[in-house]
Amino acid sequence: MCGIVGYSGKKAAAEIIMKGLSKLEYRGYDSAGIAVCLDGQTKIFKTKGRLSALQELLDKNGAPEGCVGIGHTRWATHGEPSDRNSHPHGYGRVTLVHNGIIENYLHLRQSAETKGAKFVSDTDTEAAAYVIDSCYDGDPVKAISKALPQLHGSYAFGIIFSDKTDTIYAVRRDSPLIAAQGDGECFIASDIPAILSYTRDYYLMDTDEIAELKDGKIRFFDLSGNEITNGKKLLHADFDIEAAEKGGYPHFMLKEIYEQPDTLRRLISMHTEDGAGNIFKSEIPDTSDIKRIFVVGCGSAMHAGLLGKYSIEHLCRIHVSVSIASEFRYDDPMVGPGDTVFIISQSGETADSLAALRLSHEKGAKVCAIVNVVGSSIAREADEVIYTRCGPEIAVATTKAFTAQVLIMYLLTARLAYDRKTVTEEFLKNYLSDMAKLPELAAEVLTDKYVQLYKKFAAYNKPHGDYYIIGRGQDYATGCEGAMKIKEISYMHCESYAAGELKHGTISLVTPGVPCMAIITDPDIAEKTVSNVKEVRARGGHVVLVSSCTGENADICDEYIKLPQTNKYLMPIVAIIPVQTYAYYTAVLRGCDVDKPRNLAKSVTVE
Ligand code: G6P
């Protein structure tokens, strides 16, 4: 996820682009850059770091003059954050900015290199610039149309051709882009806030529709080069700037909850295209040397590890030990040569997780990082990295990064099971095809019908101070994550218990009216947990049942969230999304600062 802006008009482009980018920094801030055209020349300024670093560079050197330009704020996916990997990128006659991922970039680069092409960055974007340049014969629309079928993945591009520096071209697929019309000027942007200071009138760009911005006017073309004259609707943005940055959602957390069907879809399609045997092949080429697995993380990342343990142990029969990083680092862990340690971290900067990584290295183990932020310390120091690629997460309480981490654990399960032949080919085929449907199920539990239930049930919690969640096996681990969500944002005291353990102490805390939740997604042990739910209700506990495998039954629960069903080993992803959303509404109704809960930080870089 990156932010792009383009301007074509009569004013100084650099200033307008910088202002636009400042509204898109939430989309990433690993590096920033602009390209501005004057008298047939395109000047590029770019640097690693936040937009303020680019501003300093411009202040020092003088901002480039010109009324046409493009800009970019980067959230690194391919290639560490560096000056070299910053956008805009150029190849031949093409300069461009890109938001998205070109999945076949390695293949494109390698085949270009055999023809003598030379690349200066590690990015997928530069390969796209090469392809467009190689298709260019003086007609930009034709070149873009010819290049797009060669680019697999997602993109929003802003493009300048060196012999047409009075014009910006833009095109998108699966990455957002608008084209906005001002008075004698026009813009492209990844998101509306970037242009709101100049105009509120914009077009949504459709997939593979090419926009041409010239002389203050926007024209659209299809891939056959025909101008689209009908059907483009000029829309009017009437919301305020702050709301627009959150995509119209009241909080980043809710926006990120709703992004999950897309983040899951992207990860699944990226890794499963060629079947289980190729999952992570480029990140972990060989799993045959994995004997014992250790998973280490903090907070939600550790919970993702607990879910991974469950599926790996069940389906691959490898022992998995899960540790809290702050414990692992002082525990003289029995890890050593031949062991593989997976360090899970959204930020890649958590101090305890980084220390656990270094300790694992000292003890001779191999370390594989599962990280969201590209080029972060943990990603840099690990032997191998698998990225969760779900875009910047702004809300302190993690949602989309957590489900992406769990998904990586499930992909890893498939790969290990494939390599070890611990499940049948048919099971694996069904597992992957059920996985491909997970985004649909994630979207289903976010439909209005469900959300109304979450809101209604959350209202019950308002006057209460304590909350208990029970589940068995993987449902217990999902409960741990659910309890974390509830306590960190709604400030209710909330604990998750293994359902059978409740009677060994905690049930004494269940008094009439105390809100509880039971999670049941494993049909094989559903009845056991149902018995525990009955024990809770017999003491007056008020139970919300989140289940895919029990019927709605007034004897069992007070409130019921019926989950759509899939392979039981994938169910935690379906189950946690309702709990996240329910926790969100609980916090909203209790008047809490959802995105910035008290005493907490997004990235904990101290011990
Ligand atoms: C903080 C965040 C949690 C996160 C944990 C680990 O406590 O609030 O949401 O799970 O750190 O962070 P990491 O970046 O390592 O995943």
Side-chain angles (χ1 to χ4, degrees), residues 28-30 75-76 251-257 259-260 263 294-308 322-329 341-360 367-382 385-409 477-491 494 496 572 576-577 579-580 583-584 587 592-607:
Y29 36 76
D30 290 326
W75 190 79
H251 297 100
F252 280 109
M253 182 178 175
L254 194 61
K255 176 172 182 262
E256 287 156 7
I257 286 174
E259 279 170 6
Q260 290 176 107
T263 52
F294 290 75
V295 184
V296 185
C298 298
S300 300
M302 192 276 289
H303 297 151
L306 288 177
L307 288 166
V322 182
S323 303
I324 296 168
S326 55
E327 292 291 312
F328 181 90
R329 64 183 293 191
V341 180
F342 287 88
I343 304 279
I344 308 183
S345 174
Q346 186 284 130
S347 61
E349 300 295 346
T350 302
D352 286 319
S353 304
L354 185 58
L357 180 156
R358 290 175 179 161
L359 180 65
S360 305
V367 176
C368 177
I370 297 172
V371 167
N372 196 35
V373 178
V374 173
S376 54
S377 305
I378 291 174
R380 284 201 308 270
E381 292 192 27
V385 190
I386 302 170
Y387 285 111
T388 45
R389 299 194 195 282
C390 61
E393 198 176 55
I394 312 286
V396 166
T398 179
T399 52
K400 63 175 181 172
F402 172 74
T403 47
Q405 289 162 351
V406 177
L407 185 71
I408 295 285
M409 295 315 281
T478 307
C480 290
E481 176 58 11
M484 171 85 92
K485 291 301 98 167
I486 290 179
K487 67 186 140 196
E488 69 184 330
I489 58 169
S490 77
Y491 310 149
C494 183
S496 171
I576 194 60
I577 294 174
V579 185
Q580 294 168 342
Y584 167 81
C592 303
D593 185 350
V594 176
D595 281 340
K596 294 196 185 85
R598 71 181 174 217
N599 307 340
L600 294 175
K602 182 75 184 153
S603 175
V604 184
T605 52
V606 291
E607 235 189 280

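What's counted below: heavy atoms across the whole structure, side chains too, no hydrogens, waters or symmetry copies. Just so you know, ligand 1 is whichever comes first in the structure, and atom 1 is the first atom listed for that ligand.
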Ser347 N/O under 3.5 Å from ligand 1 N/O = yes

For the residue pair Gln405 and Thr388, confirm or rule out a side-chain donor-acceptor distance under 3.5 Å.
-> no

Is the NZ atom of Lys487 crowded by more than 12 outside heavy atoms at less than 6.0 Å?
-> yes

Looking only at N/O atoms, are Ser300 and ligand 1 under 3.5 Å apart anywhere?
-> yes

For Cys592, enumerate each residue passing the side chain to side chain contact (heavy atoms under 4.5 Å, CB included) test, keeping only those at least two apart in sequence or located in another chain.
-> Tyr491, Ala587, Arg590

Atoms of ligand 1, numbered as shown, that sit under 4.0 Å from any heavy atom of Gln346 | 13 (P), 14 (O), 15 (O), 16 (O)

Where ligand 1 meets Ser345 - atom numbers and elements under 4.0 angstrom, heavy-atom basis | 13 (P), 14 (O), 15 (O), 16 (O)

Counting heavy atoms only, which part of Val396 comes closer than 4.0 Å to ligand 1: side chain, backbone, both or neither?
-> both

Any residue meeting ring pair (Phe, Tyr, Trp, His ring centres under 6.0 Å) with Tyr584, in chain and number order, not counting sequence neighbours = His251

Taking atom types as modelled, find out whether Thr399 and Gln580 have a side-chain donor-acceptor pair closer than 3.5 angstrom.
-> no

Just going by heavy-atom distances, which of Thr398, Ile370, Thr350 is nearest to atom 15 (O) of ligand 1?
-> Thr350

Tell me, yes or no, whether the heavy-atom count around Tyr29 atom OH, taken from other residues, nucleotides or ligands under 6.0 Å, exceeds 12.
-> no

Contact check: Gln405 vs ligand 1, nitrogen or oxygen atoms, below 3.5 angstrom | no

Does at least one non-hydrogen atom of Ala397 fall below 4.0 angstrom from an atom of ligand 1?
-> no

